[in-house]
Asks: 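What follows is a single structure, and I will ask about it in a moment.
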2 protein chains.
Amino acid sequence: MSLPRAKLVKNFPGCPVEATLTYLDGKWKGVILFHLMEGTLRFNELRRKLPAVTQRMLTKQLRELEESGLVSRTVYPVVPPRVEYAMTPLGMTLKPVIQALAAWGDAYVFCSPEGRELRLASDGLRAPVAALEA
Amino acid sequence: MSLPRAKLVKNFPGCPVEATLTYLDGKWKGVILFHLMEGTLRFNELRRKLPAVTQRMLTKQLRELEESGLVSRTVYPVVPPRVEYAMTPLGMTLKPVIQALAAWGDAYVFCSPEGRELRLASDGLRAPVAALEA
DNA sequence: GTACGTAGTACCCAAAAGGATACTGTAAAT
DNA sequence: ATTTACAGTATCCTTTTGGGTACTACGTAC
């Protein structure tokens, strides 16, 4: 549930790329993992790092990451409530993946001046590999 | 368009992970890139590698990848039509990313016997990092 | 003269993902 | 007495995504 892609494994026979993407899929999972890689965070600390996320969405994404076993949720029974989110050891194994994603993003993606769109660096790299010859 | 996430860059201030995921997002992009990394493929060759994809979906995903500049589409004006899809040089820069995704998938994701679900390897790695102490 | 393979479109529909808004309860701070 | 911070839920609604089916054109093979 909440992972419709996961139900379709048979569709990507043996494709480990899609398998991994299944777990990263969700609008905020990338950023969340990115921040949690640096250390444990409380719910609202995370929220402050994601200016535009709603509580509902943040909760949803975190619950999915928890269900996947990538992130742990620790509730301290105090008041006001204190809930800490941290990477699990399994989640930590994603570090190279997150780093690769981050490195590529840093190198090739930039925002348009207005900050509303993503663009890829096209510096000569964008030409097709094969030219059409007669 | 077709990249709603892209419109929300301001939501992930400077998060290069989400930036990259924006381009990999789409149900078949992962597998498509995975296969094209190995070499140029014609439309139906690709289709045969993705048993469950519909023509409509395959076309859509390919067009999006083309629009991003990651994949090139070369039409040979012959009949029957011949259309070749290949990675662009820019697309090739994704190789380390695809490899990292594939490596993690190989190492940690396995399919349930019925082949209908994805599971993560939980071999002791799933325990939370921080134990709750009083 | 019918079927097949090529690379698609067009149209419609269902499911999933995401967003807006309002609400909860407790304790401390003002 | 009111407000603030905390960590959420609940409800409703819109957008996005993905899937199903049928259709196209052309030339070759049977």
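Order of the sequence lines fixes the chain letters, A, B, ..., with proteins taken first and strands second; residue numbering starts at 1 for each chain.
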Asks: How far apart are the closest heavy atoms of A102(B) and V17(A), and which atoms are they?
Replies: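 Looking at all heavy atoms of both residues, the shortest contact is CB-CG2, 3.9 Å.
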
Asks: In this structure, how many angstroms lie between the P atom of dG8(D) and the CD atom of E64(A), rounded?
Replies: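 Distance, rounded to whole Å: 15 Å.
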
Asks: Kindly give the heavy-atom pair with the smallest separation between S68(A) and Y23(A), and that separation in Å.
Replies: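 For S68(A) and Y23(A), the tightest heavy-atom pair comes out as OG-CD2, 3.6 Å.
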
Asks: Any base atoms under 4.0 Å from Q61(B), or only sugar-phosphate, or nothing? Heavy atoms, all strands.
Replies: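 Answer is sugar-phosphate: Q61(B) comes under 4.0 Å of backbone atoms only.
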
Asks: For R47(A) and dC6(D), give me the distance from atom CZ to atom C1', rounded to whole Å.
Replies: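 It works out to 9 Å between those atoms.
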
Asks: Quick one: which of dT6(C), dG25(C), dG8(D) gets closest to the side chain of P81(B)?
Replies: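 For P81(B), the side-chain atoms sit closest to dT6(C).
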
Asks: Counting side-chain heavy atoms from CB outward, which of dA7(D), dG19(C), dA27(C) is closest to F43(A)?
Replies: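 Selected nucleotide: dA7(D).
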
Asks: For a quick check of understanding: with a heavy-atom distance under 4.0 Å over all strands, which category does R42(B) fall into, base, sugar-phosphate or nothing?
Replies: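 Counting heavy atoms under 4.0 Å across all strands, the contact made by R42(B) is with sugar-phosphate only.
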
Asks: Whole angstroms only, please: what is the CG-P distance between N44(B) and dG8(C)?
Replies: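 From N44(B) CG to dG8(C) P: 9 Å.
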
Asks: Determine, stepwise, if the pair R47(B) / E45(B) fulfils salt bridge (Lys or Arg N to Asp or Glu O under 4.0 Å).
Replies: CA-CA 5 Å; R47(B) 197 141 86 100; E45(B) 284 176 331; over 6 Å; no

Asks: From CD of Q55(B) over to P of dT24(D), roughly how many Å is that when rounded to an integer?
Replies: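 Between P of dT24(D) and CD of Q55(B): 15 Å.
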
Asks: Grab the CG-C1' distance between D25(B) and dG18(C) for me, whole Å please.
Replies: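 Atom-to-atom, D25(B) to dG18(C), this comes out as 13 Å.
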
Asks: Please report the closest heavy-atom contact between I32(B) and L58(B), naming both atoms and the distance.
Replies: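 Distance-wise, the nearest heavy atoms are CD1-CD1, 3.8 Å.
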
Asks: Tell me if the side-chain of R56(B) makes a donor-acceptor pair with the base of dG18(D), cut-off 3.5 Å, by modelled atom types.
Replies: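 Per atom types, the contact qualifies.
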
Asks: Looking at R63(B), I'd like to know whether one of its side-chain N or O atoms comes within less than 4.0 Å of OP1 or OP2 on dT9(C).
Replies: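 So the side-chain polar atoms of R63(B) do come within 4.0 Å of the phosphate oxygens OP1 or OP2 of dT9(C), strictly under.
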
Asks: Can you tell me which nucleotide in dT9(C), dA7(D), dT26(C) comes closest to the side chain of V79(A)?
Replies: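 Closest nucleotide among those given: dT26(C).
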
Asks: Output the rounded distance in Å from CE (M57(B)) to P (dT16(D)).
Replies: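 From M57(B) CE to dT16(D) P: 15 Å.
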
Asks: Toward the 5' end of DNA chain C, which comes first, R82(B) or T54(A), by nearest nucleotide?
Replies: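 Nearest-nucleotide comparison on DNA chain C picks R82(B).
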
Asks: I need the CG-C1' distance between L50(A) and dA7(D), as an integer number of Å.
Replies: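 Rounding to the nearest Å, CG of L50(A) and C1' of dA7(D) are 16 Å apart.
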
Asks: Look at all strands and tell whether V83(A) reaches a base, only sugar-phosphate, or nothing, counting heavy atoms closer than 4.0 Å.
Replies: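 V83(A): backbone/sugar contact only, no base atoms under 4.0 Å.
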
Asks: Please report the distance, rounded to the nearest Å, between NZ in K60(B) and P in dA10(C).
Replies: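 Those two atoms, NZ and P, are 14 Å apart.
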
Asks: To check you understand the geometry: which heavy-atom pair defines the closest contact between R73(A) and Y85(A), and what is its length?
Replies: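 Smallest interatomic distance, heavy atoms only, reads NE-OH, 3.2 Å.
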
Asks: Answer yes or no: does a side-chain N or O of W28(B) lie under 4.0 Å from OP1 or OP2 of dG19(D)?
Replies: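 So the side chain of W28(B) is within the cut-off, an N or O lying under 4.0 Å from OP1 or OP2 of dG19(D).
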
